[in-house]
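See structure below.
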Amino acid sequence: MPAETRRARFAELHARDQLFVMPNPWDVGSARILAAIGFEALATTSAGLAWVLGKLDTQVTRGELVDHVAEIAPATDLPLNVDSERCYPDEPGGVAETVRLLGEAGAAGCSIEDWNPATGRIDDVGLAVERVAEAAEAARAYDPPLVLTGRAENHLHGVDDLDDTIARLVAYRDAGADCVYAPWLSTAEQIAAVVDAVGVPVNVLATPAVPPLPELADLGVRRISTGSLLAGVAYGALAAAARELQGGATSTYAADRLTEDDKQAAFG
């Protein structure tokens, strides 16, 4: 499917009045499994990619991310959103060049967040807004444009200030974000407050603490993602299986392997 068609399809998913689930694969194989199961869109995961490369989250280079998108995007016919962290503002060409490179690699959308791992702090809102605006301009250089998601990272990093989170999301919307996202919101009250305030599609991270998907749909949430959680489950299963083998008593881990039907659907 041409990249233009996937960008248009991704915009359509956000425009319709219906919740959709966008899981986050971490390599070509996981992308094809998720596509075969029937999801309508996929997204990369910065942490999942880092683990594939043997790194911790926030240590992936821009070049590594672009190469990853160029591998994942053509692996299925689904639109691919990119977890592009801060959009590498300190790399040559900054945020705008990052968005351009991701679009060239086949992304249908990307995100920009306000957490700075170098300082261990949330960016000043003024600086964050400038970078969202820069990303939005670069996203709209494509026809159709990439869908841009503005992320407020407060709750993911222990800043429990819902008022500030909402103010930031509104500011990112006004700067050009098409969708907004505050990872680790958990209660129906928090999520409803965000949905009511922002007036654009809202993404919610599917953690064990959030309400069931039908309730999220009733609250007006448009998009659900899994972040690094699916990759974490897969790597956790690997570690648990390895510890069982190392213990030397049993090998029951193999009962939960990929089924032949799923294998054929994804890779056949």
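What you see is a predicted model; the values in this text were computed from it and never measured.
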(request) Please determine if Arg16 and Glu40 form a salt bridge, counting it only when a charged side-chain N lies under 4.0 Å from a carboxylate O. (result) yes
(request) Step by step, work out the side chain to side chain contact (heavy atoms under 4.5 Å, CB included) result for Ser111 and Leu148. (result) CA-CA 6 Å; Ser111 61; Leu148 179 67; 6.0 Å; no
(request) For Ala41 and Phe10, work out which heavy atoms get closest and say how close. (result) CB-CE1, 3.9 Å
(message) Under 3.5 Å, is there a donor on one side chain and an acceptor on the other for Asp83 and Thr45?
(response) no
(message) Can you see whether Thr58 engages Glu85 through a side-chain donor-acceptor pair at a distance of less than 3.5 angstrom?
(response) no
(message) Could you check whether any side-chain heavy atom of Ile224 comes within less than 4.5 Å of a side-chain heavy atom of Phe20, counting everything from C-beta outward?
(response) no
(message) Can you give me the closest heavy-atom contact between Val60 and Tyr88, atom names plus distance?
(response) O-OH, 2.8 Å
(request) Test Thr207 against Trp184 for side chain to side chain contact (heavy atoms under 4.5 Å, CB included), laying out the working first. (result) CA-CA 7 Å; Thr207 71; Trp184 230 257; 3.6 Å; yes
(message) Working note: Asn24 + Leu42, criterion side chain to side chain contact (heavy atoms under 4.5 Å, CB included); need CA distance, chi angles, decisive distance, verdict.
(response) CA-CA 6 Å; Asn24 301 64; Leu42 302 174; over 6 Å; no
(message) Contact between Leu213 and Val21 at the side-chain level, heavy atoms closer than 4.5 Å - yes or no?
(response) yes
(request) Compare every heavy atom of Ala73 with every heavy atom of Gly106, then report the nearest pair and how far apart it is. (result) O-CB, 3.7 Å
(message) Is a donor from one side chain sitting under 3.5 angstrom from an acceptor on the other, for His14 and Asp178?
(response) no
(request) Taking atom OH of Tyr235 as the centre, report whether more than 12 heavy atoms of other residues, nucleotides or ligands fall under 6.0 Å from it. (result) yes
(message) Looking only at side-chain N and O atoms, does Thr76 offer a donor or acceptor that is under 3.5 Å from a partner on Arg32?
(response) no
(request) Check whether any side-chain heavy atom of Ser84 sits under 4.5 Å from a side-chain heavy atom of Ile112, and report yes or no. (result) no
(request) Taking the side chain as every heavy atom from C-beta outward, state whether Arg9 and Thr5 have any pair of such atoms under 4.5 Å apart. (result) no
(message) If the threshold is 4.0 Å, N to carboxylate O, is there a salt bridge linking Arg86 and Asp123?
(response) yes
(request) Run the salt-bridge test on Glu134 and Arg131 with the 4.0 Å N-O cut-off and return the result as yes or no. (result) no
(request) Evaluate the side-chain proximity of Leu146 to Arg140: yes if any heavy-atom separation is below 4.5 Å, no if none is. (result) no
(message) Tell me if the CD atom of Glu64 is crowded by more than 12 foreign heavy atoms within 6.0 Å.
(response) yes
(message) Checking His155 against Thr165: is there a side-chain donor and acceptor pair closer than 3.5 Å?
(response) yes
(request) Decide, yes or no, whether a salt bridge links Asp114 with Arg151 under the criterion of side-chain N to carboxylate O below 4.0 Å. (result) no
(request) Could you note down all residue pairs passing ring-ring contact (aromatic ring centres under 6.0 Å, His included) where residues 159-180 supplies at least one of them, sequence neighbours left out? (result) none
(message) Is there a side-chain contact between Leu65 and Arg62 in this structure, where contact means two heavy atoms from C-beta onward sitting under 4.5 Å apart?
(response) no
(message) Could you check whether Asp160 and Asn154, counting side-chain N and O atoms only, form a donor-acceptor pair closer than 3.5 Å?
(response) no
(message) Tell me if a side-chain donor or acceptor on Glu244 pairs with a main-chain N or O of Tyr253 at a distance below 3.5 Å.
(response) yes
(request) Report yes if some heavy atom in the side chain of Leu230 is under 4.5 Å from a heavy atom in the side chain of Leu34; otherwise report no. (result) yes
(request) Answer whether the closest heavy-atom distance between the side chains of Asn81 and Val147 falls below 4.5 Å. (result) no
